[in-house]
Amino acid sequence: MRKIDELNDWRRTHYSVEIKPELEGKKVTIFGWLSSIREQGGIVFLILNDKEGMVQITVHKDKSSKSILEKLKILSEHSSIGVKGIVKSINKAPHGAEIIPEEIKILSIAKRQPPFSLFGGKMPTIDKRLDIRVIDLRRPKAQAIFKIRHTVLKAIRDFLIGKRYMEVSTPKIIATATEGGAALFPLLYYDKEAFLAQSPQLYKEQLVMPFEKVFEIGPIFRAEESRTLRHLSEIISVDVEEAFVSYKDTMNLIEQMISHVVKTINDECSKEMELLKQKIKIPKSPFKRLTYDEILKILEKEGIIMNWGEDLSTQTIKILGEILPEFYFIIDWPTAIKPFYIKPRDDKKDICESFDLMHSSIELASGGSRISSKRLLIKRLKEQGLKPKLFEYHLRIFDYGMPPHAGFGLGLERLMMVLTGQENIREVSIFPRDRFRLTP
RNA sequence: GCCUCGGUGGUGUAGCCCGGUCUAGCAUAGGACGCUGUCACCGUUCUGACCCGGGUUCAAAUCCCGGCCGAGGCGCCA
């Protein structure tokens, strides 16, 4: 007898969770993976998981065909199978119904056991789980996280498209360091040196010329030597840029966007949020807007004295997070610690029209009004130690009527950490890339 | 990049400080058997581990050195 069956003309009629008492007596075909085999004397309970959930298949040994009994002997947990059978309504079964199989197809036999159970128990370290990430992703918690992620992306797109922003894509292979600062991954582009993009910043700014309101959801790459729970080398960035507005409009936009996202996942992912024991209220608008100066005063009350112009350290942000366990903006940063394209205030040049969107101690997004004057942009490039010549392809656009514009970039994984209550950013990335991990 | 900590069956851990009683314990998983309503089933039983290399010692899971791998913190971070 062959151990592995062919799929042939078998096709799914139902997902596991659709097997309900109302289907009593109906013949169904389901596919999935065996997550549990429990033998109880003359009766065998199989639990089959698919992407929607699980269903019980019950085999009464004395009433079953020889073929099914033989297959039971060689089946191991996590094997993938197909089952044709009759639905039986019975309240002793997990969801009030189970399947009495008439025929089973073994599609693949699992030879190894994953290092964790789908039903709980102690979890191995994240490193071991990531080595077999797609198996790890079958855990209900991971399923919940990525269902939520999917819904968040959909909500962001719906929201922005509804407000007439156009979705664009910009190059991820670039010629020069976009902004200085963050370390780039170099690569060989035919015979030239190139880099992986650390941000779509300059391209999205250029794109306000033809499209005015644009957004991009795509990967960005940073070769930082970071070894923390909130940094990855490759992340998904949600970038928005718009002409004829300032950073105040952008803050209003991102605020509404966050509220829309929270509302959507509360509506559409309530089961998943419950499974993650996560409750998040739709935040009240407007979010708190605290100036950099006000933040320094708050920190001073906590006994932390900072020099004006210093960036906030990890530790000071942690303290802030305890005082502000919510969404809030830090605005009007010192010009010197923000990138060259951020617009300094007209009245006070050492402060710029910028904001960071925070939630507790996590920085989610940063944005601001951009410089639209070529002369000022060149000045700021020089002040940051960058060579205007390298940015010629960008600067030349500013000669053709660059309007005032503003925008933001938001780290999707950071947002996901906040929404799903995860402490490790790796949990919310499907295949995380960090300082030490390049596979799978 | 710097600092700290760690590596014991498939998985999670105990033992390490204070070397011998470790023939390495426990839980879970896996195999076998029993059990007709389980649902992290249960019961009996079996299988299976000291990261690699070197050193100290009569004796190393345990102490020392190096390597590899991992974890956490800091710094860096449009």
Side-chain angles (χ1 to χ4, degrees), chain A residues 35-48 54-64 73 76-78 88 90-96 98 100 110-132 135-136 174 177-184 197-205 220-233 235 237 239 241 311-318 333 337-342 352 354-356 363 365-368 370 384 386 407-411 414 423-424 426 434-437:
Chain A
S35 56
S36 168
I37 303 171
R38 276 190 292 272
E39 215 176 321
Q40 172 88 33
I43 185 166
V44 184
F45 301 101
L46 306 175
I47 302 295
L48 180 135
M54 52 98 104
V55 65
Q56 178 166 287
I57 295 147
T58 305
V59 179
H60 296 269
K61 282 186 179 172
D62 55 354
K63 294 175 194 163
S64 289
K73 279 186 188 165
S76 58
E77 289 186 6
H78 298 277
K88 185 178 168 194
I90 179 164
N91 53 18
K92 283 178 228 169
H95 300 296
E98 62 189 14
I100 309 297
K111 294 182 186 66
R112 299 183 63 177
Q113 297 298 312
F116 47 80
S117 160
L118 293 184
F119 295 105
K122 291 268 178 75
M123 290 284 287
T125 60
I126 190 164
D127 182 58
K128 283 191 171 123
R129 288 191 285 119
L130 289 176
D131 284 341
I132 46 169
I135 311 303
D136 179 50
I174 59 169
T178 354
E179 296 143 41
L184 299 176
Q198 66 172 167
S199 159
Q201 182 62 35
L202 305 184
Y203 288 102
K204 68 175 177 169
E205 283 193 54
I220 59 173
F221 308 88
R222 295 184 180 186
E224 301 301 338
E225 296 288 352
S226 300
R227 203 222 122 63
T228 79
L229 294 178
R230 26 172 225 291
H231 287 90
L232 292 174
S233 317
I235 64 169
S237 172
D239 272 275
E241 202 69 25
D311 206 347
L312 303 176
S313 68
T314 308
Q315 242 177 354
T316 54
I317 289 177
K318 272 184 188 160
W333 291 78
I337 55 172
K338 283 289 171 186
F340 70 89
Y341 49 79
I342 295 284
C352 59
S354 61
F355 67 86
D356 278 10
E363 183 193 331
S366 65
R370 319 302 192 188
Q384 300 246 346
L386 297 165
F408 69 84
L410 174 144
R414 296 271 182 94
E423 282 182 3
N424 191 333
R426 282 155 259 252
D434 63 34
R435 176 67 184 84
F436 302 105
R437 180 173 284 275

**Request:** Tell me whether the OP1 or OP2 atom of G12(B) has a side-chain N or O from Lys128(A) closer than 4.0 Å.
**Result:** yes

**Asked** Counting just side-chain N and O atoms, does Thr314(A) come under 4.0 Å of either OP1 or OP2 of G75(B)?
**Response** yes

**Prompt:** What nucleotide among C77(B), C74(B), G37(B) has an atom nearest to a side-chain atom of His231(A)?
**Reply:** C77(B)

**Message:** Nearest to the Phe45(A) side chain among G75(B), U38(B), U11(B), which nucleotide is it?
**Reply:** U38(B)

**Fill in**
Here RNA chain B, pairs taken as Watson-Crick or G-U under 3.5 Å and shown with ( ), [ ] when crossing and | when to another strand, reads (((((((..((((......[....)))).(((((.......)))))....(((((..]....))))))))))))....

**Message:** Considering every strand and a 4.0 Å limit on heavy-atom distances, what is the contact class for Lys318(A): base, sugar-phosphate, or nothing?
**Reply:** sugar-phosphate

**Request:** With heavy atoms under 4.0 Å as the rule, sort Arg435(A) into base, sugar-phosphate or nothing.
**Result:** sugar-phosphate

Applying side-chain contact (heavy atoms from CB on, under 4.5 Å), can you list everything that pairs with [X], at least two apart in sequence or on another chain?
X         : value
Glu39(A)  : Val44(A), Lys61(A)
Ser313(A) : Gln315(A), Thr316(A)
Leu410(A) : Val238(A), Ile254(A), Met257(A), Ile258(A), Ala365(A), Phe408(A), Leu415(A)

Please give, in whole Å, the distance from [N] [atom2] to [X] [atom1]?
X         : N      : atom1 : atom2 : answer
Ile57(A)  : C39(B) : CD1   : C1'   : 14 Å
Asp311(A) : C74(B) : CG    : C1'   : 15 Å
Ile43(A)  : U36(B) : CD1   : P     : 9 Å

N/O contacts under 3.5 Å, protein versus nucleotides 66-72 of chain B?
{"residue": "G72(B)", "atom": "OP2", "partner": "Arg227(A)", "partner atom": "NH2", "Å": "3.0"}
{"residue": "G72(B)", "atom": "N7", "partner": "Arg227(A)", "partner atom": "NE", "Å": "2.8"}
{"residue": "G72(B)", "atom": "N7", "partner": "Arg227(A)", "partner atom": "NH2", "Å": "3.2"}

**Prompt:** Between the base of G1(B) and the side chain of Glu224(A), is there any donor-acceptor pair under 3.5 Å?
**Reply:** no

**Prompt:** With a 4.0 Å cut-off, would you call Arg426(A) and Asp127(A) a salt bridge?
**Reply:** no

Dump the pairs, protein N or O against N or O of nucleotides 24-35 of chain B, anything under 3.5 Å, distances to one decimal.
{"residue": "C35(B)", "atom": "N3", "partner": "Gly41(A)", "partner atom": "N", "Å": "3.2"}

